[in-house]
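To start, the structure itself, in structure tokens.
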Amino acid sequence: MSERHELPKTYDPHATEDALYKFWEESGFFHAEVDKSKEPFTIVIPPPNVTGQLHMGHAFDETLQDILIRTKRMQGYNALWMPGTDHAGIATQIKVEESLREKGETRFDYGREKFVDLCWDWKEKYGGRILNQLRKLGSSVDWERLRFTMDEGCSRAVREVFVNLYNKGLIYKGHRIVNWCPHCNTALSDAEVEYEEQDGHLWHIRYQIEDSDEYIIIATTRPETMMGDTGIAVHPDDERYTHLVGKKAILPLMNRPIPIFADDYVEREFGTGCVKVTPCHDPNDFEMAARHDLEHIAVIDNEGNITKEGGKYAGMTREEARKAVVADLEEQGYLVKVEDYKHNVGTCHRCHTSVEPMESDQWFVKMAPLAEPAIEVVKNGEINFVPERFSKTYLNWMENVHDWCISRQLWWGHRIPVYYCQDCGHMMVCKDEPHKCEKCGSAKLKQDEDVLDTWFSSALWPFSTLGWPDKTEELEYFYPTNVLVTGYDIIFFWVARMIFSGMEHMGKKPFSTVFMHGLIRDSQGRKMSKSLGNGVDPIEIIDKYGADALRFTIVTGIGPGNDARFYIERVEANRNFANKIWNASRFVLMNLTVEDGRLPEELTLEDKWILTRYNELVKAVTENIDKYELGIAADKLYSFIWDDFCDWFIELCKIRLNDKDDMKANENAQRVLVHVLSGTMQLLHPFMPFITESVWQALPHDGPSVMVSKWPEYDGSKVFETEANQMEQIMEVIRAVRNRRSEMNVPPSKKAELIITTDRPELFERAGLFFAKLAYASSVNVAVQTPKDAASMVSVVTSSAKVYMPMSDLVDIEKELERLNKERDNVAQQIARIEGKLSNEGFVSKAPEAVVNAERQKLADYKEHLVKLEESIKGLK
RNA sequence: GGAGACAUAGCUCAGCUGGUUAGAGCGCUCGCCUCACACGCGAGAGGUCAUGGGUUCGAGUCCCUUUGUCUCUACCA
């Protein structure tokens, strides 16, 4: 026990965190097995990109999940936090390709198979990094169940889902306009397109009407696509142009006649009311082309360059072509005017290249039938969002959802389980690779070249990780999961898709609650991003301040679902909090002789006060966590530990601990200290797992770890409202004395006698001790009578007592009077306010009784205080 | 074009289902190396809770108006 005295003065998280984590992991505390005698509580992790690095967004996410899972585990649930990583199709492929580019190579130098092998190598090399970073944070995930979206099981689930949906007609191959990223060279889903407002132009171009002197003017933002124009649309009711419908206009530069037709899609007010129609490079034009049977001419290729169809512009990039086309139009007199125009340009959310709408064959998920149950399950409250407002975002999207383009022209990912017979062209969709054509028997089969959208596999995460499509006992027991924690930025990418997938394939919702959080921004409120270089690396923060400080920072001072700015000062403040806990514990340990924290029979006033406050804390924190008010719970723990426990209770306990004559009292104090500190460490453990474990272990304890200890329960038999109230009264007096002395610049070294006059002397039984310790008293006299020479003393008045300090050299009667009068006015004002309230019949009859009674009590206290103030004033005069 | 959020102390933000003399951290002022902690202790200053109205016995908290900031979403060339 002697080494306890040698604990360092400053808490060093670095020295302990890794070892503690290792201890937890090796002890199997993170692992959950099916156990039907216990209620499960399950969270699946939003799988981070396998080759990614931990950023603040992850830290936010994981901290919230860890708080929930650790709390539930301690509350006796069979808590499973399912970990895993995502193969992150585009992101990973881009990284591997970049590494090749450094060597002057491309994926085509390797071919598909070898390139995919390189991706796996990459995954092996970097896949462990983020997992170890999760450990640094303290995440209590069940490592024995670690999954990967491309592991055998998840891949099987993907094929199963694809084939099932195909057989139901919910997956189809379609010839459509899709979002195409010329840089990533693949199709994207709508969700993967980000819109940026850009400054552009609206070019007005004159088209000659065929066999006529008349002309028509169209307005466009994209002149470089005009070589692919195959029509001009006007509104059917637009009288300006009715006479032209059916005629043809000559497409400038190409000298090709194209038809003028009428279509409802056109807005008469916009531009000139005439729209150039480019079926291959605009989704609306594509649809108009279908309605009016227009020709399709593709003028932009997969790399974003102009095709042969683009005449003299062939081979140029889109940007070059735009300049050249505009220059030619101007030179040849077709350009009527140019307006500045702000418009939204779709960009690839991975590389921010402008997305090109392209006509192509892609695989789609038919969303309407799947959306229906996914809408219902949120509307009827089976799944609820926290905060509630996000359900509106979700519903709005789901109610207007488009079919989901799921094929990607990449190599890294789940290859689409569709096979084509090279001989007869027959298409087979099957879970396992077929060996011969089911139609002609040919063995010459070729699998579809495309892979699936990364989110296709993450959509299955809540059940694929539990063994689906097999009917495992894990699936039976842990599904549906309880809470999903994630940022609002991936509601569409992920949350929505998990919900409809769960409903479709499991027939059950994937989770009951979606707990949303915001984004962590930099200190100026900007998004953290690589390109800005303003990202804060959580691992660096952990190395410097400890994981506990980071976690506490993340969870406090943040409004539900709101974004938050990251300030290092807040981490420092929470590091200081950890240090405070450390030193409070060091103090308790230094004084410790008892072997356990059983509460003594005899409790002092201060014991009863702290136990009351502690039990209130247990109740509040438990309820707050239940309601996902984690920040509020954390705030309460902070102020209980710092203000109540350290600043008051420890100081009060020093009285007994320093009394070597009364060992009984000394030990009693120790027991209460240990009881409260130990319980507080349990309550704080989900938030600050490391330091709480260190402290809990050092104190007398049962069981191997605080993380598997039983969550504290509210104990009504240890709540003493009367005594707690009395203690608060005494604290009020102590504060008043300190305040007085401070105002008068009395140095702490100068002790003074205190004469307390009160009608409630029982309140101040232990006061001599308290005041000596906390109010610089040299001695304390409790009296009923006002001392004779009161006028020459410094006085302090509260509702329960008047305190006199014989410091005649410091007394300035004028000032004293002024101060007392000011205080009296203040108290009188409060009395008037409450009396006004209480004389309001509406208040007395309609407000709850407890509220009215509280006001009455306050009034009584103020009145007592006023009486005492007036006596004092009279005494001075 | 739709939808939502935010506007509270110098700064960054809490404030749950309406009821305390409106809170925290940092910063600031004054005094302290008090035998756990200067990453500390004690005492302070600082807010007409953006605006105007309404509901209510009672509103920072609910409803509407205005102003300002931000975000998401949408096929307006």
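Computed from a predicted structure; not experimentally measured. Each chain gets a letter, A, B and so on, in the order its sequence line appears, and its residues count up from 1.
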Can you check the distance between B:G53 and B:U66, where both ends of the measurement are the P atom (answer in whole Å)? 15 Å

Check the pair A:E823, A:R819 against salt bridge (charged side-chain N to carboxylate O under 4.0 Å, His left out), reporting the backbone distance first and the verdict last. CA-CA 6 Å; A:E823 206 176 329; A:R819 192 183 62 79; 3.3 Å; yes

Euclidean distance for C1', B:A7 against B:G60 (whole angstrom): 12 Å

Nucleotide nearest A:N583 (side chain, heavy atoms from C-beta), chosen from B:A36, B:C41, B:G15: B:A36

Hey, are A:K276 and A:D229 close enough for a salt bridge, meaning a charged N less than 4.0 Å from a carboxylate O? yes

Is there a donor in the side chain of A:Y265 and an acceptor in the side chain of A:N284, or the other way round, less than 3.5 Å apart? yes

Just checking A:H349 against A:F493, ring centres under 6.0 Å apart? yes

Which part of the nucleic acid, if any, lies within contact of A:R389, taking any heavy atom under 4.0 Å across all strands shown: a base, the sugar-phosphate backbone alone, or nothing? sugar-phosphate

Indicate the atoms forming the closest heavy-atom contact of A:G271 with A:A219, along with that distance. CA-CB, 4.2 Å

Using a cut-off of 4.0 Å on non-hydrogen atoms, how would the nucleic acid contact of A:G631 be classed: base, sugar-phosphate, or nothing? nothing

Looking at A:E629 and B:A14, is any side-chain donor or acceptor paired with a base atom of the opposite kind under 3.5 Å? no

Looking across every strand, which nucleic acid part, if any, lies under 4.0 Å from A:T10 by heavy atom: base, sugar-phosphate, or nothing? base

Tell me which nucleotide among B:G19, B:A77, B:A36 gets nearest to the side chain of A:C646. B:A36

Counting the atoms with a prime plus P, OP1 and OP2 as sugar-phosphate, which does A:K9 contact under 4.0 Å by heavy atoms, base, sugar-phosphate, or nothing? sugar-phosphate

When the P atoms of B:A74 and B:U56 are compared, how many Å lie between them, rounded to an integer? 42 Å

Can you tell me if A:K9 and A:N583 form a side-chain donor-acceptor pair at under 3.5 Å? no

For A:R318, the option from A:E224, A:H281, A:E356 that meets side-chain hydrogen bond (donor to acceptor under 3.5 Å, both in side chains): A:E356

Which nucleotide in the set B:C37, B:G4, B:U12 lies at the smallest distance from any side-chain heavy atom of A:R565? B:U12

Distance test, side-chain N/O of A:N562 to OP1/OP2 of B:A14, below 4.0 Å: yes

In whole angstrom, give the distance that lies between atom CG of A:N179 and atom P of B:A74. 10 Å

If the cut-off is 4.0 Å, is A:K654 near the phosphate of B:A36, judged by side-chain N/O to OP1 or OP2? yes

Verify the contact: side-chain N or O of A:N739 to OP1 or OP2 of B:G44, cut-off strictly under 4.0 Å; return yes or no. yes

Base, sugar-phosphate, or nothing for A:P848, non-hydrogen atoms under 4.0 angstrom? base

Nearest-neighbour nucleotide for the A:N745 side chain, B:C72, B:A36, B:G31 considered: B:G31

Does A:K654 make a cation-pi contact with A:F587, if we ask for NZ or CZ under 6.0 Å from the ring centre and within 45° of the axis? yes

Between B:A38 and B:C6, how far apart are the two P atoms, rounded to whole Å? 41 Å

Minimum-distance nucleotide (side-chain atoms of A:A847 versus B:C57, B:C39, B:G25): B:C57

At less than 4.0 Å, is any side-chain N or O atom of A:K580 found next to OP1 or OP2 of B:A36? Yes or no. no

Under-4.0 Å side-chain N/O to phosphate OP1/OP2 contact, A:W648 with B:G42: no

Contact class for A:I558 (heavy atom, under 4.0 Å): base, sugar-phosphate, or nothing? sugar-phosphate

Between B:C13 (C1') and A:L630 (CG): distance, integer Å: 17 Å

Whether the A:E267 and A:H235 side chains hold a donor-acceptor pair (N or O, under 3.5 Å, no angle test) is what I'd like checked. no

Dot-bracket notation for RNA chain B is requested: 5' to 3', Watson-Crick or G-U wobble pairs only, both distances under 3.5 Å, with ( ), [ ], | and . as defined. (((((((..((((.....[...)))).(((((.......))))).....(.(((..]....))).))))))))....

Select base, sugar-phosphate, or nothing to describe what A:F577 touches, counting heavy atoms under 4.0 Å on all strands. nothing

Hey, is the side chain of A:Y341 poking within less than 4.0 Å of OP1 or OP2 on B:A77, counting only N and O atoms? yes

So what does A:F270 touch, heavy atoms closer than 4.0 Å: a base, only the sugar-phosphate, or nothing? base

State whether a side-chain donor-acceptor pair under 3.5 Å links A:D861 with A:Q857. yes

Please state how far atom CD1 in A:I568 lies from atom P in B:U12, giving the value in whole angstrom units. 17 Å

Between B:C39 and B:A45, how far apart are the two P atoms, rounded to whole Å? 26 Å

In whole Å, I'd like the distance from the CZ atom of A:R586 to the C1' atom of B:C39. 13 Å

Please report the C-alpha distance between A:H14 and A:Y545 in whole Å, then the side-chain angles of each, then the deciding distance to 0.1 Å, and finally whether the ring pair (Phe, Tyr, Trp, His ring centres under 6.0 Å) criterion is met. CA-CA 8 Å; A:H14 215 63; A:Y545 298 96; over 10 Å; no

Counting only side-chain nitrogens and oxygens, does A:R833 get under 4.0 Å of the OP1 or OP2 atom of B:U21? yes

So what does A:A573 touch, heavy atoms closer than 4.0 Å: a base, only the sugar-phosphate, or nothing? sugar-phosphate

Scan the side chains in residues 844-854 of chain A for donor-acceptor partners under 3.5 Å anywhere in the protein, sequence neighbours excluded, and list what turns up.
residue, atom, partner, partner atom, Å
A:S845, OG, A:E841, O, 2.8
A:S845, OG, A:G842, O, 3.4

Indicate, with a heavy-atom threshold strictly under 4.0 Å, whether A:W642 touches base, sugar-phosphate, or nothing. sugar-phosphate

Measure from the side-chain heavy atoms of A:D635 and tell me the nearest of B:G40, B:G42, B:A14. B:A14

Using only side-chain N and O atoms of A:N576, determine if any of them is under 4.0 Å from OP1 or OP2 of B:G40. yes

Whole angstrom value for the distance that separates P of B:A74 from NE2 of A:H343: 17 Å

C1' atom, B:G47 versus B:C64: distance in rounded Å? 26 Å

Of B:G4, B:C76, B:G15, the nucleotide closest to the side chain of A:E267 is B:C76

Looking only at side-chain atoms of A:D647, point me to the closest of B:A77, B:G19, B:C41. B:C41

How close or far is atom P of B:C76 from atom CD of A:E287, stated in whole angstroms? 13 Å

Is the shortest side-chain N/O distance from A:R738 to OP1 or OP2 of B:A43 below 4.0 Å? yes

A:V266 has a side chain; which of B:A77, B:U56, B:U12 sits nearest to it? B:A77

Identify which nucleotide among B:G25, B:C75, B:C72 has an atom closest to any side-chain atom of A:Y638, counting heavy atoms from C-beta outward. B:G25

Residue mapping more 5' on RNA chain B - nearest nucleotide basis, A:G842 or A:R570: A:R570

Looking for any heavy atom pair under 4.0 Å, which part of the strands does A:G273 touch: base, sugar-phosphate only, or nothing? base

B:U29 to B:U67 separation - C1' atoms, rounded to the nearest Å: 36 Å

Looking across every strand, which nucleic acid part, if any, lies under 4.0 Å from A:Q857 by heavy atom: base, sugar-phosphate, or nothing? nothing

